[in-house]
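Treat the numbers as computed from the prediction; the structure is a model and nothing was measured. In what follows, every chain begins at residue 1, and chains take the letters A, B, ... in the order their sequences are listed.
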Amino acid sequence: MRWSQIFIPTLREAPAEAEVPSHILLLRGGYVRQLASGIYSYLPLAQRVVLKITRIIRDELDRMGAQEFALPALHPAEIWQESGRWEGMGPNMFRLKDRSDRDMCLGMTHEEVFASIARNELRSYRQLPQIWYQIQTKFRDEPRPKSGLLRVRQFTMKDSYSFDVDWEGLDRSYRKHYDLYCRIYDRCGLRYRVVEASSGMMGGSQSHEFMVLTDAGEDMVVHCACGYAANLEKATAELEPLQDEAGPDTPQPVPTPGQKTIDDISRFLGIPASRQIKSLIYRFGNQPLLVLVRGDHQLNEAKLHAVLGGEAHPALPEEIPAVAGADAGSLGPVEVAGLRILSDHALHGRRNLTCGANRNDFHLSGVTPGRDYQAEYFDLRVVQAGEACARCRSPLSIHKALEVGHIFKLGTKYSESMGATVLNSQGREVPVVMGSYGIGVESAGRPEGASGGQVQGCRPGRDSLPDQFREPQAGHGKGGMGGTSYRKDHGSRSGQAELPCAKPAFGRRLSDSRIEPVNIPACRAEAFGHGAVTGVGWMTPVVSMPARYGYSWERGRDSIWTRLPE
RNA sequence: CGGGGCGUGGCUCAGCCUGGUAGAGCACCUGGUUCGGGACCAGGGGGUCGGAGGUUCAAAUCCUCUCGCCCCGACCA
């Protein structure tokens, strides 16, 4: 294989549709091409990355005793109907019909398929524990694919599943995966953080996400110096208790013409948002709910879903009057009939608050929870930066983050719904206790991950580097480069330098790399030599520069090329 | 799904408002010169202007519809 034959189609200018830095770099560096929205072709360079990462993953999983499967991507509807997720997944699932008009779908994940194997084949606790995995393509019809490879509709996932006879066994399998993931990401060179996560529609009792902090991420992570870290969907915090003055014995109606929002009321009545009750009507199935949070707080829908055990949605504006007697903007918990009322803890013990009167253009002041209305109390609010850590009381910080892995204790959700049981040592039939564990393979190779958040100076770990382009070599190509001597040596024509692939040319475009950094292989030099935004982090071929040109590059301790002092 | 933007050689874009010859840079091909850090000279190929319909003597340009892509939001293992 010769350098001139290697297919690495770099782009001098970024295609107009790319905006996110990592996407631009991947496109310009000749890694990927877009086929449709959220669907990408991996060119040889990207495929090389994927293979290296999957090699690491296989290596670690096999060493842990996991066994690799290859499951179908095309599924019959029945197994999804059994688990209840045929409906639950909604429009995110790619659905189709076969020629006999049977419902089919493309797999979003494989709990159902693995569970169906388990129920047919696992009979006794003596066969447990089992850890099964595969590395496979997943399909998800995302509402809005975005940001290059950040949110796609087809991607590669390593998914593994543990099967244990009891919960203690699940704890062990879960812990093994936790440690395993750390090893895998370490080898991939990611700078990540493990955070507590909510289980979402996977169900289950406990869950951690592996996150890379980056502004390109779509998740928010709350974190504290003491080590506490959680997804914002899950995070909790301590609040300063607020003191309220005593108010009237009964709520007092106040005319508030045209005042709808919390801010409106703050201005109109001079009452701070923290002394108001924010009242939201939600629909859970057919049942309407009234959800209350403090006026200056935000409802955390993930927490609401967790409390309810299912998804609730905001009521539509036209549904609200029939439920509450007034439009949104004048709602409150006092004297509502037949509504389940869920309240955030922050309203507990307060008094003399203000809320809507369930009558358009009126509010109530002097409202005291517990006296004027009864509610069920839960943690329902979104944590805000600066609030006190629940463990150590230090202020919490919030960062954007990119999820690269997620592990779940599923428990018996799937084994019960799908009838996967074994006989335990007492001879009793018990549902298998499952865990599920996923790694987004492409995510693990993204520039943000490799660089710990910044798309610049990426430093991929040894194992995710390409192994083919390592030797320094001068001379290539047409025009000003490569050099006569080289051409003579190899008898190639101008513009057609033929170099053995193992010793690729390096500096074809190096001189301009400071402004045109992405081109292979020049970007490496740029990435390590200067601070600018450059370099395709995904294992761009690494090259070194002969010292006689005034630059010296050498392989660094962590197997990247770093610049030597001049 | 709501809002916004964009579709013109491979890439980036101009042209559109005010209809009349489809352009530039880069890329590509040929020949020559040069060539140890994105060479130069000469020549050349390549575009149903996303698609359909309409208005007009005439449409890249005006109108209608439609498809695609991007961004913001909603949503999201």
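When the C1' atom of B:rG68 is taken as reference, atom CD1 of A:Ile39 falls 13 Å away, rounded to whole Å. Rounded to whole Å, the distance from CG on A:Leu35 to P on B:rC70 is 12 Å. One can place CD of A:Glu403 at 10 Å from P of B:rA77, the figure rounded to the nearest angstrom. The distance between atom CG of A:Asp141 and atom P of B:rC1, rounded to the nearest whole Å, is 11 Å. We find that CE of A:Met93 is positioned 16 Å from P of B:rC76, with the value rounded to whole Å. One interatomic measurement links the two molecules: CZ of A:Arg153 to P of B:rC70, which rounds to 9 Å at whole-angstrom precision. Atom OH in A:Tyr181 sits about 12 Å away from atom C1' in B:rA77, given to the nearest Å. A straight line from CZ of A:Arg151 to C1' of B:rA77 spans 10 Å, rounded to a whole angstrom.
In this structure, A:Glu68 places its CD atom where more than 12 heavy-atom neighbours from other residues, nucleotides or ligands lie under 6.0 Å away.
Within 4.0 Å of A:Glu233, counting heavy atoms only, lies no atom of the nucleic acid at all.
Within the cation-pi definition used here (under 6.0 Å to the ring centroid, within 45° of the axis), A:Arg95 does not qualify as a partner of A:Trp80. For the pair A:Lys409 and A:Tyr174, the cation sits on the ring face: its NZ or CZ lies under 6.0 Å from the ring centre, inside 45° of the axis.
In terms of phosphate contacts, A:Arg144 brings a side-chain nitrogen or oxygen within less than 4.0 Å of OP1 or OP2 of B:rC72. Distances shown here put every side-chain N or O of A:Gln34 at or beyond 4.0 Å from the OP1 or OP2 atom of B:rG68.
For the residue pair A:Ser162 and A:Tyr437, a side-chain donor N or O sits within less than 3.5 Å of a side-chain acceptor on the partner.
For the P atom pair drawn from B:rC6 and B:rG50, the interatomic distance equals 13 Å after rounding to whole Å. Going from the C1' atom of B:rU18 to that of B:rU61 covers 10 Å, rounded to whole Å. If you take atom C1' in B:rG47 and the same atom in B:rU12, they sit 16 Å apart, rounded to whole Å. Taking the P atoms as reference points, B:rG2 lies 29 Å from B:rG9, given to the whole Å. Comparing the same atom, C1', in B:rG31 and in B:rU56 gives a spacing of 48 Å after rounding to whole Å. Distance check on atom P: B:rU21 versus B:rA74 gives 48 Å, rounded to whole Å. The gap from the P atom of B:rU66 to that of B:rC71 amounts to 23 Å, rounded to the nearest Å. For B:rA27 and B:rG4, the P atoms lie 39 Å apart once the distance is rounded to whole Å.
Across the strands present, B:rG73 finds its partner in B:rC1; the criterion is a Watson-Crick or G-U wobble pair with both atom distances under 3.5 angstrom. Across the strands present, B:rC28 finds its partner in B:rG44; the criterion is a Watson-Crick or G-U wobble pair with both atom distances under 3.5 angstrom. With a cut-off of 3.5 Å on both Watson-Crick or G-U wobble distances, the partner of B:rG7 is given as B:rC67. B:rA59 is unpaired under the criterion used here, namely a Watson-Crick or G-U wobble arrangement in which both key atom distances are under 3.5 Å. Look at B:rU21: it lacks any Watson-Crick or wobble partner with both distances under 3.5 angstrom.
One finds no salt bridge joining A:Lys234 and A:Glu196 here, because no Lys/Arg side-chain nitrogen approaches an Asp/Glu carboxylate oxygen to under 4.0 Å. One finds no salt bridge joining A:Lys303 and A:Glu233 here, because no Lys/Arg side-chain nitrogen approaches an Asp/Glu carboxylate oxygen to under 4.0 Å.
A centroid separation of 6.0 Å or more is found between the aromatic rings of A:His406 and A:Phe210.
In the set B:rC75, B:rG73, B:rC69, the nucleotide with an atom closest to the side chain of A:Ser37 is B:rC69. Nearest to the side chain of A:Ala36, among B:rA74, B:rC76, B:rC69, sits B:rC69. Closest approach to the A:Phe408 side chain among B:rC75, B:rC72, B:rA77 is made by B:rA77 (side chain taken as heavy atoms from C-beta onward).
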